Amino acid sequence: MLPPLSPAEEKLLLDFADPEAPSARGRRLSANGLAALLANAEFHGVLPIMLRKLREIGAADLPQDPALQQKLTELRDRATIATGQSMLLQYHGDRIMKVLAEKGVPARIVKGPVFARKLYRHAADRPFTDIDILVDPANIGAANTVIGECGFVLASGEAQSHDMQEFKWVEQENSSLLVELHGNLVHDSGMRRRLSLGFRELQHIDGGEVDTPASLLTIAIVHAAGGHKFHRLQLCVDVLQGVRALQSPEAETRLLEAARMTGIELELATVLNVTGRLFAEPRAIELANRIKPDLSIRLAKWLITGNMLLRVNSREKMRSRLSRDAFRWVQRLARPRPYPA
C-alpha cells in the first residue's frame with residue numbers, strides 16, 4: 001500500500017506528473033512528504049517527470065535528509081537503466097519493423113515510443129517497458145513468424161492470444177525485452193462488438209499521414225479505458241499530452257469523427273472528463289462534453305473520478321477497484337450508438 005497523501009499533496013503529485021507544469025511548485029517539501037510523493041509517483045508511472053523536475057529545482061532546495069538523498073540516488077540510477085532499456089527496446093522494434101517491411105507485412109509501432117517522441121517535449125519523461133506492434137488481423141500469422149525469426153519466443157498462450165488478438169513475445173536471450181503483437185488494441189472480446197481500434201481504423205483516422213494528433217489521442221484513450229482500467233496516472237498523462245497536441249479545430253473534428261467511427265464515444269467522454277478535472281485542463285472537459293451523454297456515459301463519469309484514480313493503491317483501494325470493475329461492465333453492456341446512414 002502506498003503512503004497516504006493529503007489533498008494538498010495529491011495536488012502536488014499532479015503538478016509533478018504534468019510534464020508542462022512549473023517545477024518550482026515542488027519547493028520547500030519535508031523529507032517525509034517528498035518520500036511519500038516519490039513512492040506514489042513511482043507507482044503511477046510518472047517518476048521520470050518528477051525526477052526531472054527535482055533536478056530543475058536543485059539539490060539546495062530539497063530536504064537534506066541522508067536517507068532521502070540515498071533514495072533519490074537509487075531512483076535516479078533506476079531511471080537511467082529504464083532509459084537504456086527503452087533504447088534497447090526501440091532498437092529491436094525497429095529491427096522487427098524493417099523485416100516486416102521487407103516481407104511486405106504492413107505494420108506500425110504504437111503507444112510507448114511513439115508517445116514519447118510525439119507527445120512529450122522530453123522523451124525521457126515517458127519510458128516504456130515493451131514494444132507494441134499493430135497489424136491487420138489477417139497478417140497476424142505472418143507477423144508472428146517474423147518476430148520469431150528475429151529471435152523472440154512466444155510467452156503467451158496461443159488460444160488466449162488469438163481471442164485477445166494480443167501475442168506476447170520475449171527475446172530469447174533476454175526475457176526482459178517484451179514485444180506485443182496486436183490485431184486490435186481492444187483486447188476484451190466482449191467489448192469489441194461495440195468498439196474497435198485496429199490497423200485499418202488508424203489508417204483512416206490518419207488520412208494518409210502517420211501518427212496524427214487525432215490518432216495518437218484515440219490510441220491513448222483506448223489504452224487508458226479499453227486496454228487498462230485507469231490503474232495508474234501515466235495513462236491520463238498520455239491523454240493530457242494528446243489533448244495538448246490537438247492544435248486546430250480540424251484536428252478536434254477528426255478526433256470526434258474517429259470516436260464515432262471506432263465506437264469509443266463512451267471511453268472518450270469518460271477519459272477526457274477525468275483527465276481534464278485531474279489536471280484542470282478545460283479543453284479536455286470541453287471535448288468530453290461534445291459527446292452527447294446517454295445513461296452509460298453519465299454512469300461512467302460518476303464511476304471514474306480523480307479520487308478513484310489517485311487512490312488505486314491506498315486505503316481506499318477496494319472502493320477504487322469496485323468503481324473500475326463497474327466501469328468495465330458499463331463498457332460491456334453499453335450499446336453501439338445509432339447513426340443515420
Side-chain angles (χ1 to χ4, degrees), residues 89-90 93-94 96-98 100-101 103-120 126 128 130-144 146-147 161 164-167 179-189 191-228 235 238-248 250-269 271-272 287 291 331 336-337 339:
L89 281 164
Q90 182 70 70
D94 291 344
I96 292 169
M97 289 295 291
K98 181 180 179 181
L100 287 169
K103 300 279 188 179
V105 181
R108 63 192 291 171
I109 292 178
V110 294
K111 296 191 284 191
V114 184
F115 287 166
R117 186 177 71 253
K118 292 280 190 176
L119 297 181
Y120 289 77
R126 182 48 168 91
F128 43 93
D130 60 12
I131 292 291
D132 296 279
I133 298 175
L134 181 65
V135 298
D136 189 88
N139 291 323
I140 284 177
N144 274 330
V146 167
I147 297 173
S161 296
M164 296 179 66
Q165 295 194 29
E166 179 189 42
F167 294 79
V179 171
E180 295 187 353
L181 179 71
H182 307 268
N184 198 301
L185 295 181
V186 178
H187 299 140
D188 189 310
S189 56
M191 287 164 50
R192 282 203 298 269
R193 64 182 179 80
R194 176 178 60 85
L195 63 152
S196 174
L197 187 60
F199 188 83
R200 294 182 185 180
E201 286 94 342
L202 284 178
Q203 280 187 315
H204 184 82
I205 296 168
D206 278 335
E209 302 176 65
V210 179
D211 297 328
T212 61
S215 72
L216 293 176
L217 183 49
T218 300
I219 292 168
I221 289 168
V222 169
H223 189 215
H228 297 281
L235 299 167
D238 287 340
V239 171
L240 175 68
Q241 294 298 94
V243 170
R244 289 168 172 164
L246 291 177
Q247 297 292 321
S248 68
E250 292 76 18
E252 293 179 358
T253 299
R254 184 181 288 191
L255 171 71
L256 296 172
E257 289 175 349
R260 171 176 169 173
M261 178 190 72
T262 58
I264 66 161
E265 289 161 309
L266 164 64
E267 287 70 24
L268 182 147
V271 177
L272 290 185
L287 282 169
I291 301 295
Q331 290 180 288
R337 289 195 160 204
Y339 289 103

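Position 1 is the first residue of the sequence, and the numbers go up from there. Source: prediction; values computed, not measured.
- The only member of Leu272, Ile264, Leu266, Leu268 that meets side chain to side chain contact (heavy atoms under 4.5 Å, CB included) when paired with Ile291 is Leu268.
- Scanning for side-chain hydrogen bond (donor to acceptor under 3.5 Å, both in side chains) contacts around Asp136 gives Arg200, with sequence neighbours left out.
- Here the side chains of Thr253 and Glu257 are in contact, with some heavy-atom distance below 4.5 Å.
- Residues Ser189 and Met164 have side chains not in contact (no heavy-atom distance under 4.5 Å, counting atoms from C-beta outward).
- Panel note: side chain Arg126, backbone Pro113; no donor-acceptor pair is recorded below 3.5 Å.
- A pairwise comparison of heavy atoms in Pro106 and Phe199 identifies CB-CZ, 3.7 Å as the closest pair.
- Judged purely by atom type and a 3.5 angstrom limit, Gln241 uses its side chain to pair as donor or acceptor with the backbone of Leu119.
- Residues forming a salt bridge (Lys or Arg N to Asp or Glu O under 4.0 Å) with Asp206 (at least two apart in sequence, or on another chain): Arg108.
- Atoms NE2 and OG1, from His204 and Thr262 in turn, are 10.0 Å apart once rounded to the nearest 0.5 Å.
- When each of Thr218, Leu134, Ile221 is paired with Leu197, the side chain to side chain contact (heavy atoms under 4.5 Å, CB included) condition holds for Thr218 and for no other.
- Judged purely by atom type and a 3.5 angstrom limit, Ser196 has no side-chain atom pairing as donor or acceptor with the backbone of Arg192.
- Partners of Glu180 according to the side-chain hydrogen bond (donor to acceptor under 3.5 Å, both in side chains) rule, which considers only residues two or more places apart in sequence or in another chain, are Lys168.
- Ala143 pairs by the side chain to side chain contact (heavy atoms under 4.5 Å, CB included) definition with Leu100, Val105, Val135, Leu181, not counting sequence neighbours.
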TODO: Assess whether side-chain contact (heavy atoms from CB on, under 4.5 Å) is satisfied between Leu217 and Ile219, documenting all intermediate values.
DONE: CA-CA 5 Å; Leu217 183 49; Ile219 292 168; over 6 Å; no

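- The side chain to side chain contact (heavy atoms under 4.5 Å, CB included) check on Ala225 picks up Phe230, Glu267, Val271, Phe327, Gln331, with sequence neighbours excluded.
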Open item on the list: Val110 vs Asp211, test: side-chain contact (heavy atoms from CB on, under 4.5 Å). Steps then yes/no.
Closed with: CA-CA 9 Å; Val110 294; Asp211 297 328; 5.9 Å; no

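- In this structure, Gln247 contributes its side chain and Arg244 its backbone to a donor-acceptor pair below 3.5 Å.
- Annotation: the span from Ile109 atom CD1 to Ile131 atom CD1 amounts to 5.0 Å, rounded to 0.5 Å.
- Here the closest heavy-atom approach between residue Gln165 and residue Pro137 is recorded as OE1-CG, 3.7 Å.
- Checked against ring pair (Phe, Tyr, Trp, His ring centres under 6.0 Å), Phe115 has no partners two or more places apart in sequence or in another chain.
- Listed by chain and number, the residues in a side-chain hydrogen bond (donor to acceptor under 3.5 Å, both in side chains) with Glu166 amount to none (sequence neighbours excluded).
- Counted by atom type alone, His182 and Asp132 present one or more donor-acceptor pairs between their side chains at under 3.5 Å.
- Here Leu255 contributes atom CG and Leu246 contributes atom CG; the two are 5.5 Å apart, rounded to the nearest 0.5 Å.
- Summarising the geometry of Ile140 relative to Gly183, their closest heavy-atom pair is CD1-CA, 3.9 Å, with the distance given to 0.1 Å.
- Nearest approach of Arg193 to Pro336, heavy atoms of both residues: NH1-CD, 4.1 Å.
- Side-chain contact check for His223 versus Leu185: every heavy-atom pair is 4.5 Å or farther apart.
- For Glu209, the side chain to side chain contact (heavy atoms under 4.5 Å, CB included) test picks out Thr212, Arg254, with sequence neighbours left out.
- Of all the heavy atoms in Leu195 and Gly263, the pair that sits closest is CB-O, 3.6 Å.
- Legend: residues meeting side-chain hydrogen bond (donor to acceptor under 3.5 Å, both in side chains) with Asn144, ordered by chain and number and at least two apart, are Trp169.
- Among residues two or more places apart in sequence or in another chain, the salt bridge (Lys or Arg N to Asp or Glu O under 4.0 Å) test is passed with Asp188 by Arg332.
- The existence of a salt bridge linking Lys111 and Asp238 is excluded, since no basic side-chain nitrogen approaches an acidic carboxylate oxygen closer than 4.0 Å.
- When all heavy atoms are compared, the tightest approach of Ala251 to Ala214 is O-CB, 4.1 Å.
- Ala101 meets the side chain to side chain contact (heavy atoms under 4.5 Å, CB included) test with no other residue; sequence neighbours excluded.
- Here the side chains of Asp130 and Val179 are not in contact, with every heavy-atom distance at 4.5 Å or above.
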